[in-house]
Amino acid sequence: MTDGSARPTRRRITVLGSTGSIGTSTVDLLARIPDEIEVRALVGGCNAVLLAEQARRLNAEVAVIHDESRHAELKSCLAGTGIRTAAGRQAVIEAGAMEADWTMAAITGAAGLEPTLAAARNGHAVALANKEALVCAGDVMLRAVAEAGATLLPVDSEHNAIAQSLGSCDMESVEKIILTASGGPFRKSSIEEMRAATPEKALKHPTWTMGAKITIDSASMANKGLEVIEAARLFGLTEDRIDVLVHPQSVVHGLVQFRDGSLVSQMGSADMRIPIAHTLAWPKRMVTPCERLDLAAYGRLEFEAPDEVRFAPLRLARQVLRAGGAAPAVFSAANEVAVDAFLNRRIGFLGIGETIDAALQAMDENPELRTLDDVLHWDARGRALAEAHILRQNGSQRNDVSENALNA
């Protein structure tokens, strides 16, 4: 028998992708509730110094870095602390599999699939900030969640907003959901201006502060395409029941249209700590240092339909959602390759959508993905198709340059 003074059990926490933008916001919130948590693992990409600082700050049990070449640096930074270290892909997966009550899954891209799946199989709460986990491996991930009795909590501000707006209502009451998009830095740009856009300009997001990959995805609206696919998986909706509205103020993050005509939205400042805190404290609420929304200061909120001609990735995402099978995995993989190529100046900004389209057009079959091996195979296939297109385009450009030089 225990008396009322007994301390509550600490929640066991793992953060996959702790050194990224979502991860650092998560660490900030965790550091504010040290008496309530026990951090089992922190997983970073290649920033050993930051990972070590986070591990010290949260007194983590283990710090894992994906880049094996940075392991020695990580060990040196944590020498004498008693915090264990590990490195490499397998170590990342093992960290995801560690028993934890709440896991933040924030490793971007296909690299986050296996550790996120491992976390889901623990049967506890997984805060999902990795779009690809549901876009590429939707059926595999959802089946693992169901079999383990896990709880999937959406972290993306739009999906989190939908979850909050739904409240206790079931999906039968829902007519459609609406995801909002800031429109990014090219919301009012012409096709010609977008064609000439540099990585530096594309990385200047007008509202959010995010990592490079997701910032470029926002500029191309590929992120909204990924979110449409993810929303279909999370909420069990068909493509025609998911709308997108461009909302440059980024105050309204998502809306639910109910069958009685009611429209319910979630609003908040553009701070990812708000949706992270919602998943961290769920089903309760926690205090955050986030700026409180002052609607009077805005005075006016704007909404407009997205332009799927200038922002082709959104149109292509809707196509692959309708097609199903391996197409979403190829879309996601080709987008990753294209974004990297754009950031490294191998293609232009509009080349992102062109590369995704070319990879999808080059698919010779579109099978259902039933296992993680199926997902990884088609992820690799999508990357290869995208890279082949980029190489062909660059070869054509070099040939054009050579031909022009000869004719000069």
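All values below were derived from every heavy atom in this structure, side-chain atoms included, with hydrogens, water molecules and symmetry-related copies excluded.
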Measure from the side-chain N and O atoms of [X] to the backbone N and O of [Y], and report whether any donor-acceptor pair falls under 3.5 Å.
X	Y	value
R143	R370	yes
R259	E172	yes
R292	C290	yes
E302	P248	no
H247	V251	yes
D139	L369	no
R241	V174	yes
D307	R310	yes
S262	F258	no
R40	E99	yes

Side-chain heavy atoms of [X] within contact of [Y], under 4.5 Å:
X	Y	value
R381	M363	no
W102	T279	yes
L51	S18	yes
L128	T116	yes
K201	F186	yes
D243	Q257	no
E230	L234	yes
I178	V252	no

List the atom of [X], the atom of [Y], and the distance in Å for their closest heavy-atom pair.
X	Y	answer
A63	A55	CB-CB, 4.1 Å
A120	A150	O-CB, 3.4 Å
S182	R187	O-CD, 3.7 Å
G324	P328	O-CD, 3.4 Å
G325	N366	C-OD1, 3.5 Å
I242	A232	CD1-N, 3.6 Å

Going by distance alone, is a donor N or O of one side chain under 3.5 Å from an acceptor N or O of the other, for [X] and [Y]?
X	Y	result
S165	Q266	no
D271	S269	no
T371	D373	no
H253	T180	no
H124	T151	no
D28	S25	no

Is the shortest distance from a Lys or Arg side-chain nitrogen in [X] or [Y] to a carboxylate oxygen in the other one below 4.0 Å?
X	Y	answer
D101	R11	no
E239	R318	yes
E147	R121	no
E336	K213	no
E387	R346	yes
R195	E192	no

Atom pair CD1/CD1 of I347 and I390 - distance to nearest 0.5 Å =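 The distance works out to 4.5 Å.
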
To the nearest 0.5 angstrom, please state how far the CZ atom of R70 sits from the CG atom of D67.
->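 Going from the CZ atom of R70 to the CG atom of D67 covers 5.5 Å.
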
When you look at Q164 and H278, which way does the side chain to side chain contact (heavy atoms under 4.5 Å, CB included) test go after all the steps?
-> CA-CA 9 Å; Q164 293 197 49; H278 177 258; 3.5 Å; yes

Start with the C-alpha distance between L30 and L280, add both sets of side-chain angles, then the distance that settles side chain to side chain contact (heavy atoms under 4.5 Å, CB included), and finish with yes or no.
-> CA-CA 9 Å; L30 293 173; L280 179 58; 4.0 Å; yes

Might you work through the side chain to side chain contact (heavy atoms under 4.5 Å, CB included) test for T81 and L78, ending with a clear yes or no?
-> CA-CA 6 Å; T81 63; L78 290 174; 3.8 Å; yes

Show your reasoning for whether side chain to side chain contact (heavy atoms under 4.5 Å, CB included) applies to V244 and V228.
-> CA-CA 8 Å; V244 172; V228 167; 3.8 Å; yes

The single option from V155, T108, D217, L226 passing side chain to side chain contact (heavy atoms under 4.5 Å, CB included) against K131 =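 Result for side chain to side chain contact (heavy atoms under 4.5 Å, CB included) with K131: L226.
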
Out of T85, L74, N47, which residue meets the side chain to side chain contact (heavy atoms under 4.5 Å, CB included) rule with I65?
->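 Passing option: L74.
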
